[in-house]
Engineer: 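The structure's right below; bear with me while I get my questions together.
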Amino acid sequence: MAVTAENTLSGTFAVNDAEQLNIFCQDRPHALPPEQRVVEACMWARKHRTTYRRMFWIFGDLAKNQSIRRIKRGGWYEHCNLEGIKLSDVREFDTDNNLWSTLTRVMAMQNPEITRIVHFRKAPIDTVDIKAMWQAHCNAGDFFFTDTWQQAIEFCKRGAA
């Protein structure tokens, strides 16, 4: 049975087997299922644990700076570069929206104050229990203030962060 996949240039086309679908998804990371996108981000963080933790602390420090109202991936890349974080790790984080969207959600759930400078939009990964995936694939011992980024925003608005 063929699986239908969307091609933004020519509409839809049939993918005849799982191998072809896997190749299609590898070429188009945004076509990956949300669960796989979250797992890949968790695996990246596990592989680059020191880099992730440094980025997390830098994000926390930036969130405390009341003069910073918003930070996007490009600005984040610059801050990390200035802090001496290994460029290849940061470049991967900066250019991969799957990493950015998942890891910033994790950071916000771990430190709700980060929601002051990172503005989220709903995304397919929001259907995934990111906290549970993180604990299963990255680090079961990590502490989370909230279960979702939406709760992190509310937590921060209440002044609890």
Side-chain angles (χ1 to χ4, degrees), residues 8 22 24-161:
T8 57
N22 193 26
F24 171 79
C25 288
Q26 287 174 0
D27 290 340
R28 299 170 45 101
H30 62 277
L32 294 175
E35 296 82 8
Q36 187 173 347
R37 291 162 69 182
V38 171
V39 168
E40 286 183 1
C42 292
M43 300 303 284
W44 182 91
R46 187 171 78 187
K47 179 179 177 185
H48 303 282
R49 186 70 177 165
T50 301
T51 300
Y52 172 79
R53 296 307 299 167
R54 287 185 65 201
M55 292 186 324
F56 173 78
W57 290 112
I58 292 168
F59 243 138
D61 287 344
L62 291 172
K64 291 175 187 171
N65 184 338
Q66 296 299 319
S67 67
I68 298 175
R69 298 180 55 85
R70 184 174 186 176
I71 192 162
K72 296 180 182 180
R73 284 184 298 173
W76 173 240
Y77 177 84
E78 291 174 22
H79 281 283
C80 288
N81 191 24
L82 290 172
E83 293 292 328
I85 293 179
K86 192 172 143 187
L87 203 60
S88 60
D89 289 347
V90 179
R91 181 169 291 128
E92 188 176 13
F93 186 77
D94 180 55
T95 59
D96 187 339
N97 192 48
N98 295 327
L99 287 177
W100 172 261
S101 60
T102 300
L103 297 181
T104 53
R105 281 164 168 74
V106 171
M107 290 180 192
M109 292 184 292
Q110 293 175 333
N111 178 359
E113 194 171 31
I114 288 171
T115 63
R116 290 187 180 137
I117 59 170
V118 177
H119 300 252
F120 298 98
R121 284 185 273 166
K122 288 187 178 185
I125 62 169
D126 293 331
T127 62
V128 177
D129 184 343
I130 295 173
K131 178 181 171 183
M133 292 287 227
W134 182 269
Q135 292 173 329
H137 297 283
C138 189
N139 190 348
D142 279 353
F143 178 77
F144 287 78
F145 277 97
T146 64
D147 293 329
T148 67
W149 62 267
Q150 295 94 334
Q151 290 174 350
I153 290 171
E154 291 305 313
F155 190 84
C156 191
K157 282 182 183 176
R158 287 193 315 262

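This one's a predicted model, so the numbers in the text were calculated from it and none came from an experiment.
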Engineer: Ignoring hydrogens, what is the shortest heavy-atom contact between Pro124 and Pro34? Give both atom names and the distance.
Structural biologist: O-CB, 3.5 Å

Engineer: Roughly how far, to the nearest 0.5 Å, is CD1 of Ile114 from CE of Met109?
Structural biologist: 11.0 Å

Engineer: Just verifying a value: how many Å separate Gln110 CD and Phe145 CZ, rounded to the nearest 0.5 Å?
Structural biologist: 10.0 Å

Engineer: Is there a side-chain contact between Met107 and Tyr52 (heavy atoms, below 4.5 Å)?
Structural biologist: yes

Engineer: Kindly list each side-chain donor-acceptor pair under 3.5 angstrom involving residues 59-70, sequence neighbours excluded, with atom names and distances?
Structural biologist:
residue	atom	partner	partner atom	Å
Asn65	OD1	Ser67	N	2.9
Asn65	OD1	Ser67	OG	2.6

Engineer: Can you name the nearest heavy-atom pair linking Ala45 to Trp134, along with the distance?
Structural biologist: CB-CH2, 3.3 Å

Engineer: Begin from the C-alpha positions of Asp126 and Arg105 and carry the test side-chain contact (heavy atoms from CB on, under 4.5 Å) through to its verdict.
Structural biologist: CA-CA 9 Å; Asp126 293 331; Arg105 281 164 168 74; 2.8 Å; yes

Engineer: Within the 4.5 Å heavy-atom criterion, are Glu40 and Trp44 side-chain neighbours or not?
Structural biologist: no

Engineer: Under the side-chain contact (heavy atoms from CB on, under 4.5 Å) rule, what do Gln135 and Phe144 come out as? Steps first, then yes or no, please.
Structural biologist: CA-CA 10 Å; Gln135 292 173 329; Phe144 287 78; 3.9 Å; yes

Engineer: With a 4.5 Å heavy-atom cut-off, do Thr115 and Phe120 have their side chains touching?
Structural biologist: yes

Engineer: Identify which one of Met133, Met43, Arg46 satisfies the side chain to side chain contact (heavy atoms under 4.5 Å, CB included) criterion when paired with Cys138.
Structural biologist: Arg46

Engineer: Please round to the nearest 0.5 Å and tell me the distance separating atom SG of Cys80 and atom CE of Met55.
Structural biologist: 6.0 Å

Engineer: Is there a side-chain contact (heavy atoms from CB on, under 4.5 Å) between Ile130 and Trp149? Walk through the geometry before answering.
Structural biologist: CA-CA 10 Å; Ile130 295 173; Trp149 62 267; 5.6 Å; no

Engineer: With heavy-atom distances below 4.5 Å as the criterion, would you say the side chains of Ile58 and Ile85 are in contact?
Structural biologist: yes

Engineer: Filter on salt bridge (charged side-chain N to carboxylate O under 4.0 Å, His left out), then keep only pairs touching residues 129-152, sequence neighbours left out; what's left?
Structural biologist: Arg49-Asp142, Lys131-Asp147

Engineer: Can you tell if the side chain of Phe56 reaches within under 4.5 Å of the side chain of Leu103, non-hydrogen atoms only?
Structural biologist: no

